[in-house]
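Read through the structure below, which is laid out as structure tokens, and then see the notes.
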Amino acid sequence: MATSARIAYLRDSSAGLDLARQRELIGPADRTWTELQPPGTSHDRPVLREALDALRSGDTLAVASADRLARSLRDLQDLVEQIIGAGARLELCAAGITLGPEDARLVAAVVAADAAMAAERQAEAVVHVPAYARVSIERPRELSDGELHDVRLQLEAGMPSRQVAREHGVPWEMLRRLLEQPELPLD
């Protein structure tokens, strides 16, 4: 019968400043994987992938805290499912929590609750945005050839381009781009 192992995973994004604290929180381990990842780098974590691949049934993956393992609650849920799927446990040392197969539904419920709260916060934020700050994402209407002809005549007559744009119900920027074209159709 194989013995279970305690596997430590450390991730540092600040050039080694946090590793000593993580080692202290995790304590002794049979094997340790350390990922050095500067801020703003790729989301790919090959060392974490190796540590997860090394997990066997009965093993425990020890991390200092959830933020050293996952980048979001959804990411944490996926990782917990993977760890539990391997028959292993996840130990979040700073929190004093160990998650095993019996906790998979709890993690899924927490992630679902967080998603629901985020959607609610987003809906509330949209309601409270003042009308002048709302952004229209409608595509501006296109001008017909006849309208383009009228635009050209109005501009040649000296009418300000912003006024022409307002009269035709198009953004001034669109009118400006049309004017940059080498030639507008006149007939």
Side-chain angles (χ1 to χ4, degrees), residues 9-19 21-22 34-52 63-83 92 94-95 104-187:
Y9 172 73
L10 296 85
R11 182 176 64 85
D12 187 22
S13 56
S14 58
L17 300 177
D18 191 32
L19 291 177
R21 176 76 177 130
Q22 289 181 57
T34 304
E35 189 125 49
L36 301 174
Q37 199 170 39
T41 58
S42 165
H43 290 294
D44 185 34
R45 294 173 284 170
V47 176
L48 174 59
R49 192 69 21 236
E50 287 177 29
L52 294 172
V63 295
S65 59
D67 70 315
R68 296 293 86 199
L69 178 67
R71 298 182 185 276
S72 67
L73 273 175
R74 179 67 198 161
D75 189 25
L76 179 61
Q77 180 187 17
D78 292 345
L79 289 166
V80 168
E81 287 174 359
Q82 184 175 351
I83 292 164
L92 304 172
R105 289 180 49 204
L106 171 65
V107 172
V110 169
V111 170
D114 179 67
M117 288 186 287
E120 186 177 315
R121 285 189 303 270
Q122 183 179 13
E124 288 173 0
V126 169
V127 168
H128 296 352
V129 172
Y132 66 84
R134 293 190 184 141
V135 176
S136 172
I137 57 171
E138 289 181 24
R139 184 182 176 110
R141 70 180 194 86
E142 294 197 19
L143 296 174
S144 68
D145 288 345
E147 289 174 307
L148 287 173
H149 178 71
D150 292 344
V151 164
R152 177 68 155 216
L153 293 176
Q154 289 172 321
L155 292 171
E156 287 175 358
M159 184 180 282
S161 58
R162 290 185 188 272
Q163 182 180 348
V164 173
R166 265 193 309 276
E167 285 187 11
H168 288 276
V170 296
W172 176 80
E173 294 83 7
M174 178 181 155
L175 186 64
R176 185 177 50 82
R177 280 193 306 275
L178 289 171
L179 294 174
E180 290 173 354
Q181 293 177 359
E183 206 175 297
L184 291 175
L186 295 176
D187 295 307

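None of the values given here were measured: they were computed from a predicted structure. Note that the numbering runs from 1 along the sequence shown for the chain.
With rounding to the nearest 0.5 angstrom, the CD atom of Glu35 is 11.0 Å from the CG atom of Leu19. Between the NE2 atom of His168 and the CE atom of Met174 there is a distance of 11.0 Å, given to the nearest 0.5 Å. Between atom CD of residue Gln77 and atom CG of residue Asp75 there is a gap of 10.5 Å, rounded to the nearest 0.5 Å.
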| task | Take Arg21 and Asp12 through the salt bridge (Lys or Arg N to Asp or Glu O under 4.0 Å) test and state the conclusion after the steps. | result | CA-CA 10 Å; Arg21 176 76 177 130; Asp12 187 22; over 6 Å; no
| said: Set out, in order, the CA-CA distance, both residues' side-chain angles and the distance that settles side-chain hydrogen bond (donor to acceptor under 3.5 Å, both in side chains) for Gln154 and Gln163, then state yes or no. | reply: CA-CA 10 Å; Gln154 289 172 321; Gln163 182 180 348; over 6 Å; no
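Looking only at side-chain heavy atoms (C-beta outward), Leu92 and Ser65 stay at 4.5 Å or farther from each other. Taking 4.5 Å as the limit, every side-chain heavy atom of Leu10 sits out of range of all side-chain heavy atoms of Arg68. Using a 4.5 Å heavy-atom threshold, the side chains of Arg45 and Tyr9 count as touching. Looking only at side-chain heavy atoms (C-beta outward), Leu79 and Leu48 come within less than 4.5 Å of each other.
Counting all heavy atoms, side chain and backbone alike, Val47 lies closest to Thr34 at CG1-O, 3.7 Å.
Taking the side chain to side chain contact (heavy atoms under 4.5 Å, CB included) definition, one finds that Glu173 meets it with Pro171, Arg176, Arg177, sequence neighbours left out.
In this structure, Asp78 does not pair ionically with Arg71, as no charged nitrogen and carboxylate oxygen lie closer than 4.0 Å.
Although no hydrogens or angles enter the test, the distance criterion places a donor-acceptor pair under 3.5 Å between the side chain of Gln22 and the main chain of Arg11.
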